[in-house]
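Read through the structure below, which is laid out as structure tokens, and then see the notes.
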Amino acid sequence: AQNMLFIALLVSAGTQGSASVGLSSFFVAMLLPSVLLGPLGGALVDRMGPSRAYALGGALRAAAIIPGFLFLGEAHLVWVVAVLYSTASQLFTPAEFALVHHVQGRLPGRTYSAITIAQYSGQAAGILVLAPLFYFLGGQAAVLAAAVLAFAGVAVSGLEMVRRQVDAS
């Protein structure tokens, strides 16, 4: 989902108006929330618990993509979606890391490796297969819609972890 979003944003930023300004603004917008809000996101995960933070982070990521529909064709506004998405990621990413211990406390290194393999495989599928397929079927709007649905699914999986009390220990 993340890479499908990135493809949609990069296509918009790089093919309209000043490509160098659009692409640069995308990368700056992704970086600034990480630097400024990363520690706060980690503290919120510790306070909320990883499952709740994961569910909320997934929902916030999905919500952050929605303005992308309003800005289709507006390369100079790509940074808005990027900064919203990166801000949501400052909660989602530490929650994802924190869950490893709760999901498999006995072998967290192996568990994290398996999650990383699945994550990169999914990202490759998103870039190589899904983004081009959705773009062919419905353009940038279809790619964005698929990303929103994917992150909504992630949020639901987080709620299921809350229900099962995965991080209650």
Side-chain angles (χ1 to χ4, degrees), residues 1-10 12-13 26-72 74 77-104 111-112 114-116 118-127 130-131 133-135 138-169:
Q2 174 174 287
N3 284 350
M4 288 193 298
L5 169 66
F6 289 172
I7 292 293
L9 294 177
L10 291 171
S12 183
F26 168 80
F27 288 110
V28 170
M30 290 299 295
L31 175 68
L32 284 180
S34 299
V35 173
L36 299 175
L37 301 174
L40 177 61
L44 280 172
V45 170
D46 290 341
R47 186 171 193 83
M48 296 175 67
S51 295
R52 284 180 176 77
Y54 185 83
L56 180 58
L60 290 173
R61 277 181 158 186
I65 298 168
I66 293 172
F69 293 104
L70 303 174
F71 303 145
L72 283 176
E74 303 289 338
L77 295 175
V78 163
W79 68 270
V80 174
V81 178
V83 81
L84 291 172
Y85 180 82
S86 184
T87 298
S89 295
Q90 301 322 302
L91 181 63
F92 182 84
T93 302
E96 187 177 39
F97 286 120
L99 275 169
V100 170
H101 174 74
H102 297 287
V103 171
Q104 177 52 273
T111 302
Y112 181 73
I115 290 169
T116 302
Q119 181 181 34
Y120 286 132
S121 298
Q123 289 177 357
I127 287 176
L130 296 175
L133 175 66
F134 286 116
Y135 192 84
Q140 286 177 287
V143 176
L144 291 173
V148 168
L149 290 175
F151 279 121
V154 168
V156 168
S157 74
L159 291 174
E160 178 61 16
M161 287 187 281
V162 170
R163 188 187 70 77
R164 291 182 183 200
Q165 299 181 337
V166 168
D167 54 356
S169 57

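Numbering starts at 1 and runs along the sequence shown.
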Pairs satisfying salt bridge (charged side-chain N to carboxylate O under 4.0 Å, His left out), at least one member in residues 146-161, at least two apart: E160-R163, E160-R164
Side chain to side chain, T87 and L37, heavy atoms closer than 4.5 Å: yes
Exercise: identify the closest heavy-atom pair between Q90 and G38: OE1-CA, 3.7 Å
Closest heavy-atom pair and its distance - L91, G57: CD2-N, 4.0 Å
Inter-residue atom distance R47.CZ - L40.CG, 0.5 Å rounding: 11.0 Å
Taking every non-hydrogen atom, the tightest pair across A55 and G158: CB-C, 3.7 Å
Closest contact, heavy atoms only, L84 versus P67: CD1-CG, 3.8 Å
Atom pair CG/CG of L31 and L36 - distance to nearest 0.5 Å: 8.5 Å
Spacing of CG belonging to L99 relative to CD1 belonging to I115, to within rounding of 0.5 Å: 8.0 Å
Minimum side-chain heavy-atom gap F97-V45 below 4.5 Å: no
L10 and F26, any side-chain heavy atoms less than 4.5 Å apart: yes
side-chain hydrogen bond (donor to acceptor under 3.5 Å, both in side chains) contacts touching residues 141-154 (sequence neighbours left out): none
Listed once per pair and sorted, the side-chain hydrogen bond (donor to acceptor under 3.5 Å, both in side chains) pairs that draw on residues 54-67, sequence neighbours left out: Q2-R61, R61-Y85, R61-S89
For V143 against A131, the heavy-atom pair lying closest together: CG2-O, 3.6 Å
Minimum-distance pair of heavy atoms, taken over all atoms of A142 and F134: CB-O, 3.3 Å
Atom pair CD1/CG of I66 and L144 - distance to nearest 0.5 Å: 10.5 Å
Interatomic distance, L133 atom CG to Y135 atom OH [nearest 0.5 angstrom]: 13.5 Å
